[in-house]
Amino acid sequence: MTSIYAQRRAALAAQLGAGGVAIIPTAPERARNRDSDFPYRHDSYFYYLTGFTEPNAWLVISANGHSTLFCEPKDVEREIWDGIRLGPDAATTTLGVDAAHSVLALDSLLPPLLENQSCVWYPFATHKGLETRVDEWLGKVRAKVRTGVVCPSQQRDLCVVLDEMRLVKDASEQATMRRAAAISAAAHVRAMQTSARMLRAGEDAREYHLEAELLHEFRRHGAQFPAYTSIVAAGANACVLHYRADTAPLRDGELVLIDAGCELDGYASDITRTFPANGRFTGPQRDLYNLVLASQDAAVAATRAGARFTDPHDATLRVLSQGLLDLALLSKQQHGTADDVIAKKAYVAFYMHRTSHWLGMDVHDCGSYVEPGHTPPADTSVPSAQPPGRILHPGMVLTIEPGLYVRPSPEVPEAFWNIGIRIEDDAIVTATGCELISRGVPVKANEIEALMR
Ligand code: GLY
Ligand code: MN
Ligand code: MN
């Protein structure tokens with residue numbers, strides 16, 4: 001049986017063109033401090049094509065479909081300290097590559113793979129020093145031209161091809177992402193319930209207590225990492241978009257915003273929920289919450305195959321802009337109608353980020369946000385129009401994450417000061433709409449209250 005990885009390698013090879021050779025390194029190990037490393041995380045492109053998670057490995061694919069892996073050689077001494085290595089001998093059968101060698105032979109065995117080829121493909125601007133390595137390998141090939149060897153004359157960005165491939169998730173990727181989202185949803189439920197329980201018991205509840213619950217739930221279901229640094233923001237901290245879980249107390253009467261998701265088997269999830277620390281929304285909190293939720297509902301309704309990537313964002317802006325006027329966060333007298341708010345971008349004072357991003361192996365996944373094939377005008381003195389947003393296709397996965405963040409200001413009703421709300425779900429685009437894979441944690445205000453009771 002051909003593995004999903006072999007199928008992807010074949011699909012990539014078919015796009016390289018005659019004489020094309022693709023070189024894909026995995027991620028380097030990175031020192032954290034002194035002789036301790038950050039937890040190792042493979043490169044997403046490399047993993048997409050191999051399913052191989054060891055460091056210090058390279059994949060080479062030729063246009064004829066031939067694949068060569070370079071990996072750490074077997075070494076009893078090193079394996080006693082660092083763990084079992086697959087090794088080149090087992091790699092051919094385990095990973096289904098056509099050839100495998102020790103990575104120690106990379107500099108001697110890679111240049112011959114480039115001989116008499118026309119184009120070297122590798123991911124541009126993603127691996128520090130890769131361009132130099134490619135130069136050195138090409139230099140070795142060029143040194144042989146007098147013997148009749150032809151040196152590749154073109155270099156092309158492999159990201160362009162791989163990003164397109166990764167943008168539409170196949171059935172196995174979707175299945176993993178559903179599982180990742182379900183684990184993350186359970187973690188959010190656990191954090192909400194812990195918050196209410198600790199406050200009811202009069203305990204000194206802090207942001208990090210909820211972060212600990214998230215990490216516990218991720219790991220006990222086998223997720224390898226958080227997909228990104230968890231945000232647990234109590235009260236006014238929710239208005240800091242890139243806040244981390246810190247030491248602030250969870251206070252009766254205040255909201256908590258949690259933006260956290262696990263990475264499972266190389267795939268990210270990305271969920272945000274905002275809930276009352278004690279389990280009961282106040283009136284103003286509920287008003288603002290319901291507005292954000294209504295804007296998310298509108299965005300979800302706008303997410304389907306054939307729609308553009310920008311449609312959910314536009315739907316969100318319409319609902320939020322009207323709501324900001326209705327709740328007097330923006331004065332009707334000063335700002336006019338929702339159309340005026342949108343035209344003048346007056347909503348930016350409260351909603352300063354986009355509604356969606358692609359989600360996949362990377363939390364902000366690869367893939368162009370504009371429709372491919374858009375060509376800027378030939379006359380560079382003419383300002384180029386905004387390229388049209390990407391048309392959605394079944395299997396694309398995006399987040400839908402509207403929010404409102406209210407900083408204290410004399411122009412804003414005081415009841416809303418320091419409230420920050422975001423609601424974020426993960427959506428797989430289908431032919432007729434989208435599948436929200438993160439709804440294992442509720443979003444309706446009364447359902448959140450019931451869960452925390
Ligand atoms: N957690 C990152 C994001 O929502 O984009
Ligand atoms: Mn997100
Ligand atoms: Mn998020």
Side-chain angles (χ1 to χ4, degrees), residues 41 44 166-167 169 177-178 180-192 207 210-211 213-215 217-218 223-234 237-246 255-264 266-275 289 292-293 295-296 299-300 302-303 309-313 315-317 320 350-367 369 389-390 392 396-405 420-429 434-443:
R41 166 55 157 79
S44 295
R166 283 175 52 186
L167 184 53
K169 277 67 179 173
M177 293 187 75
R178 281 190 195 93
I183 293 168
S184 299
H188 278 261
V189 168
R190 187 184 178 104
M192 287 178 186
E207 292 166 340
L210 303 193
E211 184 189 23
E213 298 298 324
L214 297 167
L215 297 176
E217 196 69 13
F218 292 169
Q224 289 83 359
F225 313 98
Y228 52 93
T229 307
S230 305
I231 296 173
V232 180
N237 294 335
C239 295
V240 180
L241 295 181
H242 288 164
Y243 189 79
R244 312 287 188 214
D246 205 344
L255 295 175
V256 182
L257 182 155
I258 294 185
D259 183 346
C262 69
E263 178 178 307
L264 178 73
Y267 286 82
S269 51
D270 184 6
I271 303 180
T272 306
R273 288 292 182 267
T274 310
F275 57 90
Y289 187 89
V292 176
L293 186 57
S295 79
Q296 198 205 30
V300 169
T303 304
F309 175 81
T310 39
D311 289 346
H313 184 62
T316 293
L317 291 183
L320 288 182
F350 306 101
Y351 183 46
M352 55 297 277
H353 59 78
R354 304 280 296 182
T355 304
S356 302
H357 55 79
W358 304 129
L359 182 71
M361 288 191 277
D362 300 316
V363 64
H364 295 163
D365 207 34
C366 60
Y369 286 94
R390 190 79 198 226
L392 300 177
M396 291 180 174
V397 183
L398 65 157
T399 64
I400 304 179
E401 48 177 309
L404 284 176
Y405 312 90
I421 293 168
R422 180 164 63 257
I423 304 172
E424 175 173 29
D425 282 288
D426 303 343
I428 301 178
V429 177
C434 66
E435 175 191 348
L436 296 178
I437 59 176
S438 47
R439 284 290 174 90
V441 53
V443 276

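Atoms within a ligand are numbered from 1 in the order they appear, just like the ligands themselves. FYI, side chains are in, hydrogens and waters are out, and symmetry mates aren't considered; it's all heavy atoms of this structure.
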Counting each atom of ligand 1 from 1 as listed, which ones have a heavy atom of Glu424 under 4.0 Å away?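 Every atom of ligand 1 under 4.0 Å from some heavy atom of Glu424: 4 (O).
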With a cut-off of 4.0 Å, which atoms of ligand 1 are near a heavy atom of Tyr228? 1 (N)
Ligand 1 contacted by His353 (non-hydrogen, < 4.0 Å):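 Heavy atoms of His353 never come under 4.0 Å of ligand 1.
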Taking both backbone and side chain into account, is any N, O or S atom of His364 nearer than 2.8 Å to the Mn ion (ligand 2)? no
Give the residue and atom name of whichever protein heavy atom lies nearest to atom 5 (O) of ligand 1, and the separation in Å to one decimal. His364 NE2, 2.6 Å
Atom 3 (C) of ligand 1: nearest protein contact (heavy atom, Å):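 Answer, as residue, atom name and distance: Asp270 OD2, 3.3 Å.
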Exercise: identify the closest heavy-atom pair between [X] and [Y]:
X	Y	answer
Arg273	Val443	CZ-CG1, 3.2 Å
Arg190	Glu213	NE-OE1, 2.7 Å
Ile421	Thr274	CA-OG1, 3.7 Å

Taking the six-membered ring for Trp, is the centroid-to-centroid distance between Tyr228 and His242 below 6.0 Å? no
Residue from Asp425, Thr399, Asp259 passing side-chain hydrogen bond (donor to acceptor under 3.5 Å, both in side chains) with Thr272: Asp259
Tell me, which N, O or S atom in Glu401 is closest to the Mn ion (ligand 2)?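 Restricting Glu401 to its N, O and S atoms, the minimum distance to the Mn ion (ligand 2) goes to OE2.
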Are the side chain of Ser295 and the backbone of Val292 linked by a donor-acceptor contact shorter than 3.5 Å? yes
Ser356 side-chain N/O to Ile400 backbone N/O, donor-acceptor pair under 3.5 Å: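 A pair under 3.5 Å: no.
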Nearest 10° is fine: what angle sits at the Mn ion (ligand 3) between OD1 from Asp270 and OE1 from Glu424?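 Between OD1 of Asp270 and OE1 of Glu424, at the Mn ion (ligand 3), the angle is about 90°.
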Using 2.8 Å as the threshold, say whether any N, O or S atom from Asp259 sits that close to the Mn ion (ligand 3).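 Asp259 does place an N, O or S atom closer than 2.8 Å to the Mn ion (ligand 3).
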